[in-house]
Amino acid sequence: MVNSHSTPLQALKEHFGYDSFRPLQEEIVENVLSGHDSLVLMPTGGGKSLCYQLPAVCLPGMTLVVSPLIALMKDQVDALNANGIGARFINSSLTSSEIELAQAQASRGRVRILYVAPERLAIPGFRRFLQGVDLSLIAVDEAHCISEWGHEFRPDYRNLRQLRGDFPGVPTIALTATATTRVREDIVEQLGLQQGKVFLSSFNRANLTYSVENKEGYWGKLLSLLQSRDGESAIIYCFSRRETEELADDLNERGMPARAYHAGLDPEVRRRNQEDFIRDRVPIIVATIAFGMGIDKPDIRLVVHHSLPKSLEGYYQETGRAGRDGLPSHCALFYSYADRARQEYFINQLENRVEQQNAYQKLNKMVEFAEVPICRRKSILTYFGEYWEPENCGACDVCLSASQEFDATEVVQKVLSAVIRTGERFGAQHVAKVLRGSREKRVLELGHERLSVHGIVNDFTEEQLREVMGQLRANGLLVRNEGEYTTLSVSSKGREFLNQRRKLALPRLKSAEVGDGKTGRVSRGIGEAGVGPGIEDYDPALFEELRALRRQLADEQDVPPFVVFNDVALRYMAAAFPQSLESFGRVPGVGSAKLEQYGDRFVAAITTFAQARGLADRTGEMGLSRNSESSRRTSGRRERQTAGRSSTYEQTRQMLSQGLTIGEIASQRGLAHTTIIGQIERMAAQGQELSLEHLLPSPDRLQRIKEALDVCGDQYLKPLREYLGQEFEYDELRLSRLVLREMDRNED
Ligand code: ADP
Ligand code: ZN
């Protein structure tokens, strides 16, 4: 698993499936690999984790990650394991024998990345253990916790000084999303990083759109915000606990599934609500600001502030939870003067005069932000001491209303002509496809590729064209006809528009990216380093199917969906239609471990979808294979993998015959449980002989599983687990199903 021969870029593709670095990542990784200390200041979503995780897979020894976020450790470790990287955590949630096991594995060099909470560093037994480990790197996550100037000071972080003293030669990387100078200097001081290099990135979150809304008419506005993000994850921050519960109730009544979250809830309820949100079982969480610290869900598309936060620091941090994956996301703040008074009431209760003045100052800045119509992005960045030049950011309510309309004459002519040429018998989706030049089966069957309007639009995406058609319906140029299928036709007003060659301005498109007045295309949220061309042309129906598949796999493995793939990877799939493992492996976010573990299932789903519609594989077209370096690597990897596969499978088979459990095999080989089970399933499917009996649960549990299989069938695990209850783990069910199938087969 050690990758001492590959370059960081190769390791990035191999382990994480990414083709390029985000800004600063490469420099940071190089600095770490050359043995120097680093301090990394990057906003949430900037991609900090990779700055120590990638060196960790390249360095010979273990990387120790100190993090205060115990609740996150399991997800982080699951995500690394899914990428085939042997990771573990040690914290107070484990039993002492589990801790011993983890330490024993680390001592034998089986753990590449070990997460611990800072208090662990004070335990003599743990320090003795560390002395016996080949330690390559120390990573200090949430490094601002070491500073008393920060608002999250953790006395335990002072243990880190001792750690630095114990391992003077081991490079340290400290990371934080807090960039104030005072905190930064304190981190350097406290951790002794004077010789290290500081990497400060911009704190602009390019993919976030900010807006301040008048609180009048709140309910209607909120509903339409939520509807525009239908089914996607949203957080609504409220002022009080009572408000969170009331609002969640109201939303549920309106048929919008929502859960409340605040510190006063029964811990079990709170945990479950948070879990439901993270696992995509419920899209909306209504919370006090107690929610969010332990969350790294990457696909939150909307953050709403129901009322005024008490400072811009808080506002920036809370909104920062939106769009970590770099896809366009929205942050809306509802403001009314009365909310200011509510905050003032609390400030007046403060006894310390200095604190009180401080709090007033912060609140005043916040109010100014909400009331003064200057670019929201500029206001935020200026507040944090960053210089922001552009006149119009194109992605906040102030800038957008300044460039609210664009000249839509040409695109509207094309749209109306296409509706007429296709016989006014189709919906917006089909018309958009024809305009964009799709060669889908249905388009070809209808002969629409021969129409003069076929492929005449290339400066608007399908999504944007659909939005244009929506606007044309709103202003009466198009008419929607409901029937067995909804179709669009051109109204007499629309024909007049065409005949008289009128001009038309339309409101700026919502689906437009951050940018200029027309469609708003300047820079994508993710920037050059992230998404290539064409991702915005994804097929929404396929995206939804892949989301469902992702959820199903995640549930089976008992991990959050984003551990399987994040939204960016799914959008690529839904835009590129990869229909072979080879092209699937080129999708950003598909590393070799995920290719092996999930490739078959996703390729099958995509192929079924694509074939039914005559869609060709577009990975090449999208530039995902143009990079010859990367494609050579990919195919090289595939060969290695096929060659290496027999031996990794063979090892599993032999260890099984020695009577080892899945847990033992997984930990000895530094692989995830699910990888091992997946290998067993495949070998079983190929009819190989395997010793599996020792993996079965106790006879009475097995009996219950058998009964459940009779009732629910054996195709899906989820209904099975729902039937049996939480005490049965997915791994157990998956294995029992496998062994029972094998036994059935042998009886035949
Ligand atoms: P941070 O810790 O700075 O908030 P994360 O490390 O959680 O950010 O990364 C945010 C998201 O960006 C994750 O979903 C991660 O997979 C993705 N990401 C990180 N680096 C890259 C990269 N080089 N290319 C594409 N996506 C990346
Ligand atoms: Zn702006």
Side-chain angles (χ1 to χ4, degrees), residues 17 72 74-79 81-83 226 229-235 256-259 271-285 295-302 323-325 327 329 538-575 578 584 587 589-590 593-595 597-609 672-675 677-678 681 712-726 728-734 737:
L72 279 187
K74 189 174 175 304
D75 289 353
Q76 285 166 328
V77 164
D78 282 341
N81 287 335
N83 276 324
L226 291 169
R229 296 278 177 191
D230 189 27
E232 298 194 282
S233 298
I235 309 179
M256 311 197 98
R259 301 267 190 284
R271 195 198 57 75
R272 203 174 52 227
N273 288 355
Q274 169 167 332
E275 185 87 352
D276 282 349
F277 178 68
I278 291 177
R279 304 247 164 150
D280 286 346
R281 291 178 196 131
V282 56
I284 306 168
I285 193 129
I295 299 290
D296 62 359
K297 190 170 170 38
D299 49 9
I300 295 168
R301 297 279 159 254
L302 175 67
R324 271 182 174 231
D325 55 12
L327 292 176
S329 306
Y538 71 97
D539 188 311
L542 179 57
F543 181 69
E544 285 310 316
E545 271 190 32
L546 297 178
R547 261 183 103 194
L549 176 59
R550 166 176 77 175
R551 231 190 94 182
Q552 189 191 326
L553 291 171
D555 279 345
E556 285 178 10
Q557 297 174 2
D558 203 20
V559 295
F562 57 81
V563 164
V564 177
F565 286 119
N566 70 13
D567 277 10
V568 180
L570 295 193
R571 293 234 177 137
Y572 264 113
M573 295 173 204
F584 190 73
V587 171
V590 181
K594 288 189 177 175
L595 178 66
Q597 202 176 340
Y598 305 119
D600 292 336
R601 299 278 293 269
F602 276 86
V603 169
I606 295 166
T607 307
T608 311
F609 184 94
H673 281 216
T674 46
T675 307
I677 300 180
E681 282 177 339
C712 312
D714 80 343
Q715 197 180 1
Y716 297 111
L717 294 174
K718 197 160 184 256
L720 207 59
R721 183 149 186 258
E722 270 158 16
Y723 182 87
L724 286 163
Q726 303 278 324
F728 285 80
E729 295 292 331
Y730 276 112
D731 281 355
E732 182 181 4
L733 298 178
R734 204 169 153 195
R737 175 177 70 176

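These numbers come from a predicted model, not from an experiment.
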How long is the span from the [atom1] atom in [X] to the [atom2] atom in [Y], to the nearest 0.5 Å?
X	Y	atom1	atom2	result
Ile285	Lys297	CD1	NZ	10.5 Å
Asp567	Leu546	CG	CG	10.5 Å
Arg271	Asp276	CZ	CG	9.0 Å
Phe277	Ile300	CZ	CD1	4.0 Å

| Less than 4.0 Å between a side-chain N and a carboxylate O, is that true for Glu275 and Arg272? |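 So Arg272 does not pair with Glu275 through a salt bridge.
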| request: Determine, for Arg279 against Asp558, whether the closest basic-nitrogen to carboxylate-oxygen distance falls under 4.0 angstrom. | output: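 Salt bridge present between Arg279 and Asp558.
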| message | Any non-hydrogen side-chain atom of Asp539 less than 4.5 Å from a side-chain atom of Glu545? | response |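 Answer no - side chains too far apart.
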| Side chain proximity check, Gln274 to Ile295, heavy atoms < 4.5 angstrom |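 Yes. Closest side-chain heavy atoms under 4.5 Å.
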| Quick one: does Arg551's side chain have a donor or acceptor within less than 3.5 Å of a partner on Asp280's backbone? |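 The answer is yes, because a donor-acceptor pair under 3.5 Å joins these two groups.
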| request: For the pair Phe565 and Phe602, name the ring-plane relationship: parallel under 30°, tilted 30 to 60°, perpendicular over 60°. | output: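 Correct class here is perpendicular.
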| side-chain contact (heavy atoms from CB on, under 4.5 Å) assessment of Asp325 paired with Arg301 | CA-CA 10 Å; Asp325 55 12; Arg301 297 279 159 254; 2.6 Å; yes
| request: Report the residues that fulfil side-chain hydrogen bond (donor to acceptor under 3.5 Å, both in side chains) with Gln76, sequence neighbours left out, ordered by chain and then residue number. | output: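 For Gln76, no residue satisfies side-chain hydrogen bond (donor to acceptor under 3.5 Å, both in side chains) once neighbours in sequence are set aside.
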| query | So, for Val563 and Ala79, which heavy atoms are closest and what is the spacing to 0.1 Å? | reply |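 Between these two residues, the closest heavy atoms are CG1-CA, 3.8 Å.
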